[in-house]
Colleague: 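Have a look at this one before I ask anything.
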Amino acid sequence: MDKVQLLLWLSMALFAIGLLGVVIRRNALVLLMCMELMLNGVNLSLVAFSHQRGDAAGAILVLLIFVVATAEIALAIPIVLLLVRHRRSMNVGEYSDLKG
Amino acid sequence: MTGGLAIDNVVLVLLGVIALVAAASMLVIRQPMRVALALVTVMMMLGGIYGLLGVHFLAAFQVLIYVGAVMVFMVYVIMLLEVREPAEASRYSGWLLPGLGAFGLLMAALGAVVGRGATASHSFVATDAFTLTAFSTEFLNRYWLEFELTTVLLVGAIVAALAVIKVSRRVHG
Amino acid sequence: MPDRDTLIAMLPEHCLLAGIVVLILLEVFGVRRVWPTWIAIVVTCVASVLAFWLSSMQEVWQLFDGQLVMNAGVLQAKGAVLALAVPVLLMSKSEFSDGEFSLLLLSSLYGLSIAVSSQNFLPLFLGLELASLPVYALVLLAYRRPQSAEAAFKYLVLSGAATATMLMGVSLLYGASGSMSTGTFASAMQGGAGYAQAAAILVFVALFLKAAVVPFHAWAPDAYEGASVPVAAYMSTLMKGVVLLVAVTLVASEPVTGALADLLYVLPLVSIVWGNLAAIRQNSFRRMIAYSSIAHAGYLFYAIPGSPSARSGAVLFYVVTYAAANLLAFAVLPRHERDEKRDDLENLRGLYRRDPVAAVLIAIAMLSLAGLPPLPGFVAKFYIFRNLIAAGQTTYAVLGLLGSYLGIYFYLRVIVRMFMAEREVAANEPLWAEQRADGMSQAAGWLCLAVILVLTLVPGWFIARL
Amino acid sequence: MSHTLAFIVLLPLLGFLLNGVLGTVLLGKPVSERVVRAIGCGAPLAAFALTVRAFLALRAGDYAPIVEPLYQWAAVGGTTFDVAFYLDRLSAVMTLVVTGVGSVIHVYSTGYMHGDKSYGRFFAYLNLFLFFMLLLVLGRSLLVLFVGWEGVGLASYLLIGFWFDDLTNARAGRKAFITNRIGDAGFLIGMFLLHQAFGTFDMDTINAGFASGTASVSGVSVTLIALALFVGATGKSAQIPLYVWLPDAMAGPTPVSALIHAATMVTAGVFLVARMSAVYMAAPDASQVMAVIGVATAFFAATMALVQTDIKKVLAYSTVSQLGFMFLALGVGAYGVAIFHVVTHAFFKACLFLGAGSVIHALGGEQDVRKMGGLRTRIPITFWTFAIATAAIAGIPGLAGFFSKDQILWYAFASSRGGSPWLWGVAALTALMTAFYMCRLFWLTFMGPSRMDAAVEAHVHESPLSMTGVLMLLAALSAGGGYLAIPRFLEAQLPLPAVVGSLEHYEHTLLGVSIALAFAGVAIAIFMFSTPSRAEAVRQRVMPLHRLLSGRYFVDELYERVLVKPLEWVSATVFLRGGDRAVLDGSLHGLASVAQRAAAVLSRAQTGSLHLYVLLVMVGIAGALFWGWRHG
Amino acid sequence: MGDAALLNLMLWLPLVGVGLLLVARGNDLRTRWLTLGVMVAQLVLTAWLYQRFDDTAVALQFSTDAPWIPQWGVQYLVGLDGFNVLLVALTALLGPLVVLGAFRSIDRDVTLFHVMLLLLQFAMMGALLAQDLFLFYVFWEAMLIPMFLIIGIWGGSRRVYATLKFFLFTAFGSILMLAAVIYLVVSLKASGGVSSFAFTDLYQSRLPLDTQSLLLGAFALSFAIKVPMFPLHTWLPDAHVEAPTAGSVILAGVLLKMGTYGFMKLGFPLFPDAARMYTPVLMTLAVVSIVYGACLALVQDDIKKIIAYSSISHLGYVMLGLLSLELIGIQGAIIQMVSHGLVAAGLFLLVGMVYERCHTRQLDEYGGLARLIPVFSVFFMIFTLASVGLPLTSGFTGEFFALLGAFRAAWPAHVAGNSGPLVLAVVAASGVVLGALYMLRFALTFLFGPTKAPHQPLADLSGRERLVLGVLAVAVFALGLFPAGVLRKTEAAARSYQALVLTPRLPGGAP
C-alpha cells in the first residue's frame with residue numbers, strides 16, 4: 001500500500017463526509033463547517049500529489065484555497081446571521097420559501 | 001514508498017485515522033460548538049500530515065489561518081448566536097437515509113477512482129520534496145499573477161462582506 | 001518576464017482594476033458627486049473596446065508562462081462578455097444607487113475576464129471564485145424581501161460545492177499529469193491513465209453545477225427568484241456564458257469521447273426537457289427565466305460534443321444572442337414597488353394596452369429565447385445543432401430539438417398574457433407611466449434590441465468573425 | 001358565318017348577364033318587366049333564328065358536320081382542351097328543339113310569371129339554362145358537354161328553388177343538384193377513362209375511333225366506360241336509381257318544369273348516350289343494362305303516376321316513365337328512335353306542363369286534381385290543347401307520341417341488339433298504364449263536376465294570349481310532330497339496328513296491340529273516373545298497393561334511411577365526435593395534460609430544501625463517476 | 001431598375017410599410033390607407049413581374065443571390081419560377097383585399113394589426129420566393145408569429161386556445177423539419193463537399209432510401225400539418241373559427257397553400273425515391289382528407305367551421321394531383337391551390353361580413369338571406385359554386401385536372417394489377433358529391449327559406465365590400481374560363497417537378 005494512495009483515500013473520505021454533512025445536517029453553521037471539511041479533503045489530496053511529484057504548484061493551489069475558503073466564510077457568516085435573525089432558527093430546512 | 005522511516009508511516013496512519021474519526025463525528029455531534037472542535041481536530045491532524053510530508057509551511061498555514069483565524073471566527077459566531085434549538089429536534093435533515101445511500105455510492109465511486117488510479121500512477125519515483133525556498137521563489141516568480149488575483153479577490157470579498165453587513169444593518173436596524 | 005506584453009494584453013483587466021480602485025477611493029473619500037454606475041459603465045465600455053481592439057490585432061500573447069493566453073478568440077469573447085455587462089449596469093440604476101453594486105460587478109467581471117483567458121487551473125480557479133464571490137453579495141444586495149438571504153445562502157452553498165468538486169477534479173488531474181495546465185484536461189478527457197477520466201468528469205460536474213445543468217440545477221430557480229432583476233440577469237447570462245466559454249477552452253479542439261461524452265449527450269438533453277417543462281407552471285418571471293436558463297444551459301453544452309472546429313463560435317454566438325434576449329426582457333420588465341409583484345407574471349397581464357413598447361420588446365425577447373426564426377435565437381440554436389449533427393449525433397440533436405419544442409409553450413404564455421389578456425386596473429394602482437422601466441433600463445433594452453436586430457439581419461457577418 | 005354556333009350559345013348568356021347581373025347587382029332594384037321580357041325572350045328567339053340559319057347551312061353542306069373552334073381552354077403538355085362547337089344532324093335536331101321549345105316557353109313565361117317580384121331573376125335563370133343546354137348539345141368535346149351538363153344542373157337547382165322563401169322548394173332544388181352530382185361523378189369517371197384511352201375529349205374523334213375499330217383502347221374496358229357514362233345519364237335523365245329528384249323538382253315554377261324537367265334538360269342523358277353511340281355499340285352488355293334499367297324505370301314510374309294527386313307530380317312521373325322508354329330505345333340500339341321520342345316528348349310534355357301551368361294559373365295555385373274538375377268550359381283553350389297532348393302521350397294513332405312510342409316498342413321487341421319479348425311486354429304494359437293515368441289526369445281535371453273551393457272557382461279565368469298561344473302551338477306540334485321522320489333523318493349518323501329476321505312479320509301485330517292498349521287504357525280510365533264511386537271502390541280494394549304506390553314505393557324514405565342518415569351519423573358521431581374530438585383532440589389534450597402534469601411534478605420536486613439540492617449534486621457526482629468507471 | 005431589384009422591392013415593401021406605420025401611428029384611418037397603399041403597390045409590382053415572367057424558361061427568374069451566412073453556405077437567394085409565380089400573385093392579390101376586408105371590423109389596436117398583416121405578407125412572400133432552404137425555413141417559421149397574434153388578439157372567445165393550438169401544432173412539424181434540414185445539408189456536404197442550402201444544390205443530393213424516408217417523414221409532417229391533411233388537421237377548424245376575418249382569409253388563402261407548396265417544391269423533389277415509395281400512403285391520406293373533411297363539413301353548425309373543413313377536403317385534391325406525378329395532375333394541383341386560395345378567401349370574407357352584421361356564427365340562426373341581402377347572396381352563391389367545383393369557375397379547373405391526373409396515373413397501375421390508386425381516384429371523384437352536399441346544405445340554410453337573422457334590418461354589401469368580392473369573383477371566373485395562360489406559366493415547373501420526383505436518386509445510381 002503506498003502512502004499517496006492512503007492519503008488519497010482519506011482525502012476522498014473527507015470530501016464525501018463533508019458533502020454528506022451538507023446533506024444531512026440541519027444546522028446552518030455545521031453545514032458551513034462541513035463545506036470546510038470538503039475543502040480540507042481537497043487540500044490533502046493536493047498536498048499528497050504535490051509531495052509525490054515534488055512540484056510546488058499543488059501546494060500553491062492549497063495556499064490559494066486557504067485564502068478563498070477564508071473569504072467564503074467571511075461572506076457566508078454574515079449571510080447566515082441575516083437568515084438566523086430573520087428566521088429565528090438555524091435550521092437550514094426552514095429556509096425554503098423559494099421553491100416550485 | 002517503503003523506503004521511508006517506518007515510524008513516520010505509523011504516525012501518518014495514526015493521524016489519518018484520527019482525522020477520519022473526527023470528521024465522521026462531525027456528522028453525529030449535536031452541538032455546533034463540538035462540531036467545530038471536531039473540525040479543528042481534523043485540521044490539526046491534516047496539518048500534522050502536511051508536516052510529515054515535509055510541506056511544513058503549509059502545515060503552519062493550516063494551523064495559523066484555518067484554526068487560528070477561520071475556526072476562531074466560527075466559534076465566536078456560534079457563541080454569538082444563541083438560538084436554542086428545541087432539544088427534541090433532530091439534528092438531521094429529512095434526507096438522512098437517502099444521504100447515507102448517496103454517500104455509500106459516492107464513496108464507492110471515489111474509492112474505485114483511487115483504486116484504479118493506483119495501478120497507473122505509482123510509477124512515479126518520489127523526487128526530493130521541494131523546499132520552502134523553492135516554493136517561495138516559484139510563488140513570487142511564476143505565480144505572482146495568482147498573488148495579484150488573490151489580492152483582488154480579498155478586496156472583493158471585503159467589499160462584499162461589507163455590503164452584506166450594510167444590508168443586514170438596513171434590514172434589522 | 002515580458003512586462004510590456006502583460007501590460008498590453010491585459011489592458012481590459014487593467015482597466016477594470018483601475019475602475020475598481022477608483023470606485024473604492026470614491027467610497028473611501030465619500031465622494032457623492034460622481035455617480036459610481038457611470039464610472040463602471042465607462043470602464044466596462046472601455047475595457048470591452050480594448051478587448052475588441054486587441055482581438056483585431058490577431059496576435060497571441062502567452063502571459064505568465066502560459067497561464068494566461070490571449071488570442072483573438074479569447075479577446076473577442078472577453079469583449080463580448082464585457083459589452084453585455086453594460087446593459088446590466090444600465091438597468092441597475094433603479095435598484096441600486098450606492099457604489100457597491102458597481103464595485104462588486106466590476107470585481108466579478110474581472111474574475112470572468114481572467115477565467116475566460118486562463119490556460120491554467122490556478123488562475124481559472126481564482127477567476128471563477130472572483131467572479132462568484134461578489135455575486136453572493138449581489139444577490140443579497142437589493143434586499144427587498146427576506147428570501148434574498150435564502151437565495152444568497154443557497155447559491156453560496158451550491159457554488160461552494162461546485163468549487164470543491166472542481167478542485168477535487170483539478171487535484172486528480174494534477175496527480176495524473178503533474179501539471180496545472182488546462183491542456184492536461186483535453187488528453188484526460190480521452191480516457192487517459194489513472195484518475196484522469198474521473199478528474200475530467202469532476203471538473204465538468206463542477207461546470208454543470210455552475211451553469212445549472214440538471215441534476216445540478218436546483219439552486220438556480222431559487223437564487224434567481226431571490227435576486228434582484230439586474231443580478232438575476234447577470235447570473236443567467238454572463239456567469240453562465242463564461243462557464244461555457246471555460247468549458248470550450250478546456251476541451252480545446254479535441255473530439256469528446258468516452259464517459260464524458262455520454263454525460264454530454266444525456267445531461268444537456270435532460271436539462272432541456274426538465275427546464276422547459278418545469279418552466280410551464282411558473283408564475284414568477286425570474287423563476288421562469290431560471291428554468292429557461294436551465295434549458296439553455298442544455299443547448300449550450302450541446303456545443304461541446306459538436307464538431308470541434310465550430311465549438312467556440314457556436315458557444316459565443318449562442319451566449320451573445322441568448323444574453324441579449326434575456327437582458328432585453330429583464331431591462332424592460334415593468335416596475336412595481338413590491339419586488340414579488342414585479343416578478344409576478346400577472347403583472348404582465350394586458351401589458352400591451354399599458355405599455356406597448358415594453359410588451360413588444362419582451363415579446364421579441366421571448367421569441368428569440370424560444371428559438372423562433374427569424375430572431376437570432378434560432379440561428380444560434382441552428383448553429384449548435386448543426387454542429388451536433390455534423391459530429392454524427394443526429395439522434396441527440398433530434399431529441400434536443402424536440403425538447404426545445406416543449407419550451408415554446410411557456411414563452412408564448414408570456415406573450416399571451418401581454419397581448420391577449422385584459423386586466424382590470426385597480427383603483428389605487430399607480431399610473432402606467434410610473435410602472436414603466438426607467439430610462440436607463442430602457443436604454444439597456446434598446447441596446448439589446450439593436451444587437452438582436454443586427455444578428456437577425458446579418459448573422460453571417462458575426463459568424464464570420466467567430 | 002364562322003361564329004354562328006358561338007352566338008347561338010352566347011346569346012342566352014348575354015341575356016342572363018343583362019338580366020341577372022345588371023338587374024340584381026348593379027342597380028339593386030327591379031328592372032321593369034318590359035325590359036326584362038325583351039331581353040329574356042329576345043335572346044332565345046334570336047338563338048332560335050340563328051339555329052335555323054345554322055341548320056340551313058348544315059343542309060347546304062350536305063350535312064357534313066360543322067366544326068367551329070372558339071378558343072383553347074387549356075393545354076397541358078401535349079394535351080389540349082379546346083372549346084369548339086360541333087353541329088351535325090343529331091345536335092341540329094337537339095338545338096332546334098332546345099331553342100324552339102325554349103323560346104316558346106320563354107314567351108309563355110312572360111304571362112305566367114307576370115307580377116312575380118323576381119321577374120328579372122326568373123328570366124335570367126331561364127336564359128342561363130338555355131346557355132348551358134346549348135353548350136351541352138353543341139359542344140364538340142365531352143368537356144364542353146360536361147360544362148353544359150353541370151351548368152343545366154345549376155340552372156335547374158336555381159329554378160327549382162326559385163321561390164326559395166319556402167324551404168321545401170329550396171330543398172327540392174338541392175336534392176336535384178345532389179342527385180345529379182352523384183351521376184356526374186360517374187360521368188367524370190367515364191370521361192377520365194375515355195381520356196385515358198384516347199387522350200382527347202373530342203367526341204367525334206372518340207366515336208370515329210370506336211367506329212373504325214382502330215382506336216387503341218389501351219386496356220380500358222369499354223363496358224366500364226359505357227356504364228360510367230350511363231351513371232351520369234341516370235342522374236340527369238332521372239332513371240333508376242337516381243330518379244327521385246325529378247318529382248320533387250316540380251316545386252319550381254311550371255314553365256321550368258316544362259322546359260327543364262320535361263322537354264330539354266332531362267333528355268340530356270339520352271342525348272349523351274346517342275352522342276356516344278359508338279361506345280355503346282361496342283359495349284353490348286352495358287346497353288343491355290341500359291335497356292333493362294330504362295324499361296324498369298318506365299314501368300315503376302308509370303305505376304307511381306297512377307295514383308298521384310298533384311297534377312304536376314303525375315306529369316313528372318310520366319316524364320320519368322317516358323325517359324325510361326327512351327333509354328329502352330337506346331339500350332336496344334335504336335338511337336334515332338330515342339331521339340325521335342325526345343322530340344315528340346318535348347312537344348307533348350311541354351304542352352302538358354304548360355297546360356297544367358295554365359290550369360294552376362287559372363286556379364290561383366291549386367295543384368291537387370281532387371280539387372279540380374269541370375274546367376272544360378271555363379278554360380277551353382287549355383282544355384283542348386291539353387286533350388291533344390294527352391292523346392299524343394297516350395299513344396292514340398296519328399298523334400306524335402304514337403309514332404315514336406310504337407317504334408320504341410317495336411325495337412324493344414325485335415332489335416338484334418338486345419331486343420326481347422320481355423322488354424316489349426313490360427313496355428307495352430307501361431304504355432297501357434300511360435294511357436290510363438293520363439286519361440285519369442285529364443278526366444279529373446277537366447271533366448265531371450267541379451270540386452273546386454268556391455273562392456277559387458270565383459276567379460277561374462283563361463290565361464292570357466302569351467300562354468294560350470304557346471299552348472296552341474305546342475298542341476299543333478304534338479299532333480303533327482310524329483310526321484317528322486327524325487329516325488330516318490338521323491339514320492346517316494345513327495343507324496337503326498337490324499331487326500331479327502324471324503320477328504319481322506310481327507310488326508303489324510304489335511302495332512295493333514299497341515293501338516289497342518292505348519285505347520284500352522283510355523277506356524278503363526274513363527270507365528273508372530266518370531263515376532267517382534267506382535274509382536273509390538277500386539282504391540279500397542287495392543289499398544295496400546295504393547299506399548305503396550302513393551308512397552312512391554318509399555324509395556325516398558329508403559334513401560334517407562340507408563344513405564343520408566348513415567352518412568350523417570358517420571360524420572357526426574364517428575368522425576366528429578369520435579375522430580376529431582375524442583381521438584385526435586383527445587390525444588392532443590391528453591399529451592398537453594401529460595406535459596402539464598410532468599411540469600407539476602418537476603415543479604413540486606423543487607421543494608426549496610437545500611439538503612435536497614445538495615443530495616442531488618451528491619447523487620449526480622456519484623452517478624457520473626460510476627458512469628465513467630463503467631465506461632472503462 | 002432591373003426586374004430583380006423590383007422583385008426585391010416587392011418582397012421588402014411590407015417591411016418598409018411597417019416602418020411607415022410606426023412613424024405614422026396614432027391615426028387609424030391613416031394606418032389603414034397606408035397599409036392598403038403598400039399592399040396595392042406590392043400588387044402592382046407583382047403584376048408587372050408576372051407579365052414579365054418568361055414561361056418558356058425553366059430557370060429562376062429575376063433572381064438575387066447574395067451571401068447571407070457564407071460560412072454555412074446560406075444565401076439570400078430569391079426569385080420567381082413556375083412553382084411560386086402563381087402563389088406569389090395570389091398572395092399579392094389577397095393582400096389589399098384583406099386590408100379592405102378588415103377596414104371596418106378591426107377597431108382595436110389598429111396599428112398593431114396592420115403591422116402584423118404586413119409582417120405576415122412579408123413572411124409569406126419570402127417563403128414563396130426563397131430558393132434557399134435556410135431562408136425558406138426562416139420565412140416559413142416567421143409566418144407563425146404574426147398569425148399567432150392576429151388570431152390571439154383579434155379573435156373570438158376561445159382565441160387563446162385556438163391560437164396556441166395553431167402555433168404548437170405547426171411548430172411541432174417545423175422542429176422536426178429543422179432537424180431534417182440540418183441533416184440534409186450536413187450529409188450533402190459530407191458526400192459532395194458542397195456546403196449549400198440552395199434548392200438546386202440540394203436536388204443533387206443522393207441519400208439511401210431509409211434516410212430519405214426519415215427525412216421525407218420530417219418534412220412531410222411539417223407540410224402535412226400546414227396543409228392540413230388528416231389526421232393532423234384539428235388545429236384548423238379552431239383557428240379558423242376564432243380568427244378574425246382577415247386571419248381566416250390569409251390562413252385559408254395563402255398559409256395552407258404553403259404546405260402543398262412545400263411538398264411540391266421540397267418534400268417530394270428532395271427525396272424522390274422515398275416519395276415514390278410512400279405515395280400510396282400519402283395518397284390514401286389525401287383521399288381520406290377529401291372524404292373526412294367533407295363529412296365533417298356536413299355536420300357543422302358553425303359557418304366558419306364548414307369552410308374550414310371544406311379546406312381540408314379541397315386541399316386533398318391538391319395532394320392527389322401532386323402525387324399523381326402526371327403533368328395534368330400536377331398542373332391541376334397548382335390551379336387548385338390558387339383556386340382554393342381565391343374561393344376560401346371569398347367565402348371567409350363573406351362569412352366575416354355577415355358576422356360583422358349579426359355577431360353570430362351559428363348556422364341555424366340565419367335563413368333567407370337571399371331575400372334580405374341579395375347582393376351578398378349572389379356573391380355567396382358564386383363562391384359556393386366555385387367551391388363545389390362547378391365548371392366555369394376556378395374550382396372546376398383545379399379539381400378536374402387533379403382528378404384527371406390521378407386517373408391517368410392510376411389506370412396503368414390498375415392494368416398492371418395494382419388497383420389501389422384507381423380505387424382512391426374513384427373515391428376522390430365521388431368526393432365531388434360530398435362537396436356539393438355540404439356547401440349546398442350551407443347555402444340552403446343560410447340563403448333560403450323564411451328570413452331569419454339575429455340583427456335586422458341587415459344592410460347589404462357596401463361598395464367597399466362589393467369591390468373586394470368582385471375582384472375575387474373575377475379572378476375565380478378568369479381561372480375557370482381561361483386557365484390556359486396561367487397553366488403556361490407553371491408548365492415548365494410542373495415538368496421539372498415531375499422529372500425530379502420520377503428520377504431515382506439513390507447513391508451509387510447512374511447520375
Side-chain angles (χ1 to χ4, degrees), chain D residues 20-21 24-25 28 71-77 79 81 121 143 146-151 153-154 157-158 161 164-167 169-171 173-174 177-178 180-182 184-186 188-189 191-193 195-196 218-220 567-568 570-572 574-576 579-581 583-585 588 592, chain E residues 165 231 233-234 237 292 295-296 298-300 327-328 331-332 367-368 370-371 374-375 378 381 385 388 390-392 396-397 400-401 403-404 407-408 411-412 414-415 425-426 429-433 435-437 440-441 443-444 447-451 460 466 481-484 487-488 491 494-495:
Chain D
V21 178
T24 322
V25 178
Y71 73 105
Q72 190 180 64
W73 181 63
V76 180
T79 322
F81 302 88
R121 185 161 63 89
L143 187 61
F146 185 74
V147 172
W149 184 271
E150 291 268 283
L154 164 69
Y157 163 74
L158 292 171
F164 55 74
D165 300 288
D166 186 352
L167 208 50
N169 295 346
R171 279 217 186 91
R174 178 180 65 157
F177 196 94
I178 304 284
N180 270 308
R181 266 267 152 161
I182 297 174
D184 295 348
L188 267 181
I189 291 170
M191 278 171 75
F192 293 151
L193 293 174
H195 196 264
Q196 177 66 30
S218 65
V220 181
L567 181 65
E568 279 175 3
V570 165
S571 302
V574 180
F575 288 171
L576 182 61
D580 256 35
R581 294 210 187 120
V583 177
L584 298 176
D585 269 353
L588 204 68
Chain E
K165 195 172 179 183
H233 62 274
T234 57
Y292 191 89
C295 282
L296 281 176
L298 193 58
V299 291
Q300 297 303 325
L327 200 59
I328 292 180
Q331 288 280 56
R371 189 62 72 204
V375 178
V378 168
M381 211 62 218
L385 294 172
V388 168
L390 212 74
L392 306 190
F396 173 73
T397 317
F400 180 78
F401 281 138
L403 283 172
L404 181 57
F407 260 87
R408 291 187 62 95
W411 193 263
H414 168 71
V415 171
V426 169
S430 50
V432 300
V433 179
L437 215 53
L440 292 188
R441 167 180 173 265
L444 179 79
L447 299 185
F448 303 139
T451 58
D460 210 338
R466 286 179 203 202
L481 286 167
F482 311 104
L487 285 167
R488 247 195 326 274
E491 176 145 339
R495 270 182 203 286

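Here is the naming used below: chain letters follow the sequence lines, and residue numbers restart at 1 for every chain. In what follows, every heavy atom counts, from backbone to side chain, and hydrogens, waters and symmetry copies are set aside.
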Colleague: Nearest 0.5 angstrom please: Arg174(D) CZ to Phe448(E) CZ, how far?
Modeller: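 Nearest 0.5 Å value for the CZ-CZ distance: 11.0 Å.
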Colleague: Which atom pair, heavy atoms only, marks the closest approach of Leu487(E) to Ala74(D)?
Modeller: CD1-CB, 3.5 Å
Colleague: Considering only heavy atoms and a distance below 4.5 Å, find which of Leu298(E), Leu327(E), Asp460(E), Thr451(E) pairs most often with chain D.
Modeller: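 Most heavy-atom pairs within the cutoff with chain D belong to Leu327(E).
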Colleague: Once rounded to the nearest 0.5 Å, what's the spacing between atom CG of Leu193(D) and atom NE2 of His414(E)?
Modeller: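 Those atoms lie 9.0 Å apart.
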Colleague: Which of parallel (below 30°), tilted (30 to 60°) and perpendicular (above 60°) describes Phe400(E) and Phe81(D)?
Modeller: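 Because their plane-to-plane angle is over 60°, the rings of Phe400(E) and Phe81(D) count as perpendicular.
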Colleague: For Leu188(D), is it the side chain, the backbone, both or neither that has a heavy atom under 4.5 Å from a heavy atom of chain E?
Modeller: side chain
Colleague: Based on non-hydrogen pairs under 4.5 Å, which of Leu447(E), Val426(E), Leu390(E) is most in contact with chain D?
Modeller: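 The candidate making the most pairs under 4.5 Å is Leu390(E).
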Colleague: Quick check on the interface: out of Ala592(D), Ala170(D), Gly148(D), Ser571(D), who has the most heavy-atom pairs with chain E under 4.5 Å?
Modeller: Ser571(D)
Colleague: Between Glu491(E) (side chain only) and Val76(D) (backbone N and O only), is there a donor and an acceptor less than 3.5 Å apart?
Modeller: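 Checking the backbone N and O of Val76(D) against the side chain of Glu491(E), no donor-acceptor pair under 3.5 Å is found.
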Colleague: With a 4.5 angstrom heavy-atom cut-off, which part of Ala494(E) approaches chain D: side chain, backbone, both or neither?
Modeller: neither
Colleague: Sequence neighbours left out, what passes side chain to side chain contact (heavy atoms under 4.5 Å, CB included) with Arg408(E)? Give chain and number order.
Modeller: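 Residues passing side chain to side chain contact (heavy atoms under 4.5 Å, CB included) with Arg408(E): His195(D), Gln196(D), Glu326(E), Ile328(E), Leu404(E).
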Colleague: Is Arg488(E) close to chain D through its backbone or its side chain, or both, or neither, when contacts mean heavy atoms under 4.5 Å?
Modeller: neither
Colleague: Applying side chain to side chain contact (heavy atoms under 4.5 Å, CB included) to Met381(E) and Tyr157(D), what does each step give before you reach the verdict?
Modeller: CA-CA 12 Å; Met381(E) 211 62 218; Tyr157(D) 163 74; 3.3 Å; yes
Colleague: Tell me every residue that passes side chain to side chain contact (heavy atoms under 4.5 Å, CB included) with Leu576(D), counting only those two or more places apart in sequence or in another chain.
Modeller: Asp580(D), Arg581(D), Leu296(E), Val299(E), Gln300(E), Tyr309(E)
Colleague: What's the spacing between Lys165(E) NZ and Asp585(D) CG if we round to 0.5 Å?
Modeller: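 Here the rounded value is 3.0 Å.
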Colleague: Rounded to the nearest 0.5 Å, how far does CG of Leu481(E) lie from CH2 of Trp73(D)?
Modeller: 9.5 Å
Colleague: As an exercise: rank Pro391(E), Gly435(E), Ser430(E) by heavy-atom pairs under 4.5 Å with chain D and give me the winner.
Modeller: Pro391(E)
Colleague: Using a 3.5 Å distance criterion without hydrogens, assess whether the side chain of Arg181(D) forms a donor-acceptor pair with backbone atoms of Val388(E).
Modeller: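 Flag set: sc Arg181(D) to bb Val388(E) pair under 3.5 Å.
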Colleague: Checking heavy atoms, do the side chain of Leu440(E), its backbone, both or neither come under 4.5 Å from chain D?
Modeller: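 Answer is both: backbone and side chain atoms of Leu440(E) are under 4.5 Å from chain D.
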Colleague: I'd like to know which of Leu567(D), Leu167(D), Asn169(D) tops the heavy-atom pair count under 4.5 Å against chain E.
Modeller: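 Of the options given, most contacts go to Leu167(D).
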Colleague: With a 4.5 angstrom heavy-atom cut-off, is it the side chain or the backbone of Leu385(E) that approaches chain D, or both, or neither?
Modeller: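 Side chain only.
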Colleague: Among Thr79(D), Val583(D), Leu154(D), which residue forms the greatest number of heavy-atom pairs with chain E at distances under 4.5 Å?
Modeller: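 Between Thr79(D), Val583(D), Leu154(D), the count favours Leu154(D).
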Colleague: Is it the backbone or the side chain of Ala75(D) that comes under 4.5 Å from a heavy atom of chain E, or both, or neither?
Modeller: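 Only the backbone of Ala75(D) comes within 4.5 Å of chain E.
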